[in-house]
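Sequence lines set the chain letters: A, B, ... in the order given, protein chains first and strands last, and positions in each chain run from 1.
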Amino acid sequence: MLVKLSSSSLKQTHWYEFGIRFLLGGLATVFAGIVGARFGVAVGRLFLALPAIFCASATLIGSHERRTKEKAGLSGRRRGRQAAALDAAGAGLGSIGLAAFGATFYALVTTSVIGAFAAALLTWAAVSVSAWWLRRTLRITSRHKQAGRSAKGRSAP
Amino acid sequence: MTEYLVRFIAGGFIVSVFAILGDMLRPKSFGELLGAAPSVALATLSIAIVQHGPHYAAAASWTMIYGAIALACYSVAVCHLLMRFRLAALPATIVAFAVWLAAAFGLLAGLGGAA
C-alpha cells in the first residue's frame, strides 16, 4: 500500500477547526510548563505526552465522518465512532514511537542537542511506521487465514 | 509572561503542523499515527534546553516515556469506550483521561523520576 499526501481532507475542514487545534496545542504546552514550574520537572514532563489535542482531533474526525454519511442520507453515528476509534488505535501505535523518541532524546541530548532532536525524530518516525506496518501485515494475514478456513468449511462434505 | 506566550505560539504551531500533516496522509490509519506525534514535547524540550540546559531536558524526556506508555493505555481505553460502550467521541476521550492520569502517575510513583 502506497503512502501519499492528499489535500482533499483539508477542504472538509472548517477554519475554526484549525483554530481549535492551535489553541489546544498552545494551551497544552503552557500547561506542561506551569505544572513543571510548580510541581517539578518529573511531574511536568509527564504532560509532554498529554492527550489534550487528541480530544479535539478525535471529535473532529468523528464529526467529519458522520457529516459525510448524513449527506448520503444515512445515520453516521456508528461511522463517526469507528473513525474516532481508528484515530485512537493510531495514537496507541504512535505512542510506542513517542516512548522511543523520549528514550533516544534522553540518551543523546547531553552529547549533542541538534543531533538528539534529529535522532529522536527519526526514531519516532521509524518506530511508529514499523508498528503500523506490523499491525497491518498481521491483520491482513489473519484475514487471509479466516477466509481460508471458511472456504474449507464450505467445501467440506 | 513572555515565556508562556512563546510556549503558546510554539506549541500551537507545531501541534497544528502535525495535525494538518496527519489529515493529509493516506491511508487514514497511517495519518492517525501523528495523533501521538511529539508536538508538545518538541516545543517544551526546546525551551527547556534554552532555559536550563541539556541535563534538565534529559531528565524531562525520561519521564516523558511514562507519559507515552500512559498514552497507549489511554488509546486502548478510548477504543473500548467508543466501540463497546458506544460513547460519542468527546465524552469517551474525556472519561479515558482518568486512565491516562492513573497510568502516568502510577508509573512515576512506582519507577521514580529520572534514571
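A donor-acceptor pair is defined here as one N or O able to donate and one able to accept, closer than 3.5 Å; such a pair exists between the side chain of A:Arg81 and the backbone of B:Leu82.
From A:Thr29, atom OG1 reaches atom CZ of B:Phe8 across 9.0 Å, with rounding to the nearest 0.5 Å. Once rounded to the nearest 0.5 Å, the distance linking OG of B:Ser46 with CZ of A:Phe117 reads 3.5 Å. Rounded to the nearest 0.5 Å, atoms CZ (A:Phe47) and CH2 (B:Trp100) are 4.5 Å apart. The CZ atom of B:Arg7 sits 13.0 Å away from the CG atom of A:Leu27 when rounded to the nearest 0.5 Å. Here CG of A:Asp87 is found 10.5 Å from CG of B:Leu34. Values are rounded to the nearest 0.5 Å.
Criterion: ILVMFWY side-chain heavy atoms under 4.5 Å apart, direct or through other members. Under it, B:Tyr4 and B:Ile47 are not part of a common hydrophobic cluster. Linking Ile, Leu, Val, Met, Phe, Trp and Tyr whenever their side-chain heavy atoms come within less than 4.5 Å leaves A:Val35 and B:Val6 in two separate clusters. Connection of B:Leu71 to B:Ile14 is established within a shared hydrophobic cluster, with ILVMFWY side chains joined at heavy-atom distances below 4.5 Å, either directly or through further cluster members. Connection of A:Leu93 to A:Leu122 is not established within any shared hydrophobic cluster, with ILVMFWY side chains joined at heavy-atom distances below 4.5 Å, either directly or through further cluster members. When the side chains of ILVMFWY residues are joined at heavy-atom separations under 4.5 Å, either directly or via intervening members, B:Val76 and A:Ile96 end up in two distinct hydrophobic clusters.
Ring geometry, B:Trp62 versus A:Tyr106: the interplanar angle falls from 30° to 60°, so the pair is classed tilted.
Within the 4.5 angstrom heavy-atom criterion, no atom of B:Ala77 approaches chain A. When heavy atoms are compared at a cutoff of 4.5 Å, A:Val30 approaches chain B by way of both its backbone and its side chain. Both the backbone and the side chain of B:Leu42 come within contact range of chain A, each with at least one heavy atom under 4.5 Å from a heavy atom of that chain. Within the 4.5 angstrom heavy-atom criterion, atoms from both the backbone and the side chain of B:Met64 approach chain A. Only the side chain of A:Leu121 comes within less than 4.5 Å of a heavy atom in chain B; its backbone stays farther off. For B:Tyr74, the part sitting under 4.5 Å from any heavy atom of chain A is the side chain, from C-beta outward, and nothing else. If you measure heavy-atom distances from B:Leu81 to chain A, you find no contacts under 4.5 Å at all. For A:Ile34, the parts sitting under 4.5 Å from any heavy atom of chain B are the backbone and the side chain alike.
Of all heavy-atom pairs between B:Ala68 and A:Ser95, the closest is O-CB, 3.4 Å. B:Ala36 and A:Leu98 make their closest contact through O-CD1, 3.7 Å (heavy atoms, listed as atom of the first residue, atom of the second, distance). Considering all non-hydrogen atoms of both residues, A:Ala88 and B:Ser75 come closest at O-CB, 3.1 Å.
Counting heavy atoms from C-beta outward, B:Leu21 and A:Leu5 have side chains that approach closer than 4.5 Å. With a 4.5 Å cut-off on side-chain heavy atoms, B:Leu45 and A:Val109 do not count as touching. By the 4.5 Å heavy-atom criterion applied to side chains, A:Ser6 and B:Met24 are not counted as neighbours. You'll find the side chain of A:Trp132 reaches within 4.5 Å of the side chain of B:Ser29, heavy atoms only.
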Could you give me the CA-CA distance, side-chain angles and deciding distance for A:Val43 and B:Phe105, then say whether side-chain contact (heavy atoms from CB on, under 4.5 Å) is met?
CA-CA 8 Å; A:Val43 176; B:Phe105 283 96; 3.7 Å; yes
Dump the intermediate steps for side-chain contact (heavy atoms from CB on, under 4.5 Å) on B:Phe30 and A:Trp133, then the final yes or no.
CA-CA 9 Å; B:Phe30 187 82; A:Trp133 178 82; over 6 Å; no
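Of the listed residues (B:Gly53, B:Ala10, B:Ala37), the greatest number of heavy-atom pairs within a distance under 4.5 Å of chain A belongs to B:Ala37. No other option in B:Ala89, B:Gly67, B:Ala58 has as many heavy-atom pairs under 4.5 Å with chain A as B:Ala58. Among A:Ala100, A:Ala107, A:Ala116, A:Ala99, the residue with the largest count of heavy-atom pairs under 4.5 Å with chain B is A:Ala99. Each of B:Ile69, B:Leu101, B:Leu25 has some count of heavy-atom pairs under 4.5 Å with chain A, and the biggest count is that of B:Leu25. In terms of heavy-atom pairs under 4.5 Å with chain B, the best-connected choice from A:Gly33, A:Gly90, A:Gly26, A:Ala83 is A:Gly26. Comparing B:Asp23, B:Val78, B:Leu90 by how many heavy-atom pairs each has under 4.5 Å with chain A, the most go to B:Asp23. Of the listed residues (B:Ile65, B:Ile9, B:Leu33), the one with the most heavy-atom contacts under 4.5 Å to chain A is B:Leu33. Of the listed residues (A:Gly102, A:Gly94, A:Ala125), the one with the most heavy-atom contacts under 4.5 Å to chain B is A:Gly102. Contact count against chain A (heavy-atom pairs under 4.5 Å) is highest for B:Tyr56 among B:Phe13, B:Tyr56, B:Phe18.
Within 6.0 Å of NE2 in B:His55 there are 12 or fewer heavy atoms belonging to other residues, nucleotides or ligands.
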